[in-house]
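Have a look at the structure below before the remarks.
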Amino acid sequence: MPINWFPGHMHATARAIKERMAAGLDVVVELLDARLPGSSCNPLLASLTAGRPSLKVLNKQDLADPAQTAAWLDCYNAQPDTRALPLDAGERSPARLITRACRELAPCRGELHKPLRVLICGIPNVGKSTLINTLAGKRAAKTGDEPGITKTEQKIVLEPGFYLFDTPGMLWPRIAVAQSGYHLAASGAIGRNAFDEAEVALELVAVLARRYPERLRQRYGLAELGGPGGEEAVLEAIGLKRGAKVRGGAVQMHKAAEALLMDFRQGLLGRITLETPEEMAGWRRAAAEDEARQAAAREAARQADKARRSGRRRDDAADAGDAGT
Ligand code: GDP
């Protein structure tokens, strides 16, 4: 599915991060959505902040499957120069957890004359503004349900000698792994005009039926999940339960999709994680192989075109030679 995600301010964000690197940056805090801890991880951030330790904060852990959160924490904690911790950004005192982890990642910084400079990043709607507000103890950033509110860099002094820099916008060139596109859309990170809700809901049904079938059955009173019609039949049954019928009896699939996505986002289906570290690694490998195949095909086509053009030039030259004799 082509998800047309062009989060605004991409170049401005890349520039802001480069400027922050030049001005001084000790730790990068990346807020991830604990329901999609792989898909919500920015593929460009690591290269832009190379050499800086990273703290992965799995936010909205209250909505995620605790066993999967533990697996993802292990996965990130095993990466070099990386710490990971779970969070619920609305909690009363997440500041201590985060400041302590950052200090451990950059033990030589944090004095008044050598402040610890921390960059905080995250996809839209991941809870960055909520966290910053909680950390700063005031309404330092606007919060809302629509993605993409935070637009300009802010410096927040969390403690003496501890600065938090908030980046504007997003940097995300394209979504290489198709499943990640679905998961990002299901989570609410992507503006609703950029994807087809029914398509995303059908993918969500597939994941839920595979990993959390009981939740689907219970929430919507469904007896059968694996019957004929597959995911469409399940989404239709959800629509029926949720009153997404038009006069005449047909289910409006987009209404059914909206209902399911809303329930998932609000945690009404229980604590759910859409992807495992192993699945994500497999998808990334497949996407990289696909990319390499496409690059090889493009190169082969380029070479063939070059050979054809140089052959044509030789023929033209030969023709011109013939004409001259
Ligand atoms: P931002 O776009 O990253 O700044 O996201 P916001 O801070 O505006 O949060 C988006 C939505 O997620 C809001 O409705 C928040 O109340 C909600 N939210 C943020 N953090 C959490 C969390 O840890 N758990 C839950 N359940 N909701 C959260």
Side-chain angles (χ1 to χ4, degrees), residues 5-10 12-13 16-17 28-37 39-42 45 55-66 68-70 72-73 76 84-98 101 118-156 158 164-172 180 183-195 212 215 219 258 261-274:
W5 198 27
F6 297 109
H9 309 280
M10 200 168 98
T13 306
I17 293 176
V28 180
V29 173
E30 185 173 18
L31 227 56
L32 304 178
D33 189 322
R35 298 166 300 171
L36 42 147
S39 294
S40 55
C41 186
N42 193 311
L45 188 59
L55 175 64
K56 308 284 188 202
V57 176
L58 272 63
N59 193 42
K60 304 198 180 183
Q61 63 95 18
D62 55 308
L63 299 176
D65 179 338
Q68 285 306 324
T69 300
W72 276 102
L73 291 175
Y76 281 123
L85 50 87
L87 196 80
D88 169 353
E91 268 172 32
R92 286 181 73 80
S93 53
R96 211 155 5 100
L97 279 179
I98 291 184
V118 175
L119 178 70
I120 185 162
C121 308
I123 55 167
N125 228 25
V126 73
K128 195 164 70 159
S129 312
T130 306
L131 178 64
I132 290 172
N133 288 344
T134 320
L135 289 174
K138 57 183 160 68
R139 290 192 61 77
K142 280 196 268 172
T143 59
D145 277 333
E146 280 298 306
I149 286 176
T150 310
K151 291 218 168 61
T152 51
E153 191 192 60
Q154 287 179 299
K155 173 182 169 186
I156 299 138
L158 279 191
L164 191 65
F165 293 96
D166 182 17
T167 48
M170 271 298 303
L171 70 159
W172 209 299
S180 288
H183 296 179
L184 285 161
S187 79
I190 299 181
R192 54 189 298 185
N193 293 335
F195 63 91
Y212 304 97
R215 311 283 183 79
R219 170 96 191 139
E258 257 172 34
L261 291 174
M262 191 77 81
D263 284 357
F264 168 67
R265 288 173 191 161
Q266 292 180 351
L268 299 177
L269 290 155
R271 300 178 70 170
I272 282 167
T273 302
L274 298 176

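Here the structure is a predicted model, which is why all the values come from computation and not from measurement. Counting starts at 1 for both ligands and their atoms, following the listed order.
Ligand 1 has an N or O atom lying under 3.5 Å from an N or O atom of Ala89, backbone or side chain. Residue-to-ligand polar distances place Ser129 within reach of ligand 1: an N/O pair is separated by less than 3.5 Å. For Leu131, no nitrogen or oxygen atom sits less than 3.5 Å from a nitrogen or oxygen atom of ligand 1, counting backbone and side chain alike. Checked by distance only, ligand 1 and Leu63 stay at 3.5 Å or farther apart across all their nitrogen or oxygen atoms.
Against a heavy-atom cut-off of under 4.0 Å, Asn59 is close to the following atoms of ligand 1: 20 (N), 21 (C), 23 (O). Near Thr130, with a cut-off below 4.0 Å to any heavy atom, the atoms of ligand 1 are 6 (P), 7 (O), 9 (O), 15 (C), 19 (C).
The closest donor-acceptor contact from the side chain of Asn59 to the backbone of Ala89 lies under 3.5 Å.
Heavy atoms from both the backbone and the side chain of Asn125 come within less than 4.0 Å of ligand 1.
Interatomic distance, Leu184 CG to Ile190 CD1, rounded to the nearest 0.5 Å: 5.0 Å. In this structure, CG on Asp33 lies 9.0 Å from OG1 on Thr273, to the nearest 0.5 angstrom. Here CD1 of Ile132 is found 4.5 Å from CD1 of Ile156. Values are rounded to the nearest 0.5 Å.
For the residue pair Leu274 and Ala186, the shortest heavy atom distance occurs at CD1-CB, 4.5 Å. Contact between Pro86 and Leu73 at its shortest, heavy atoms only, is CD-CD1, 3.8 Å.
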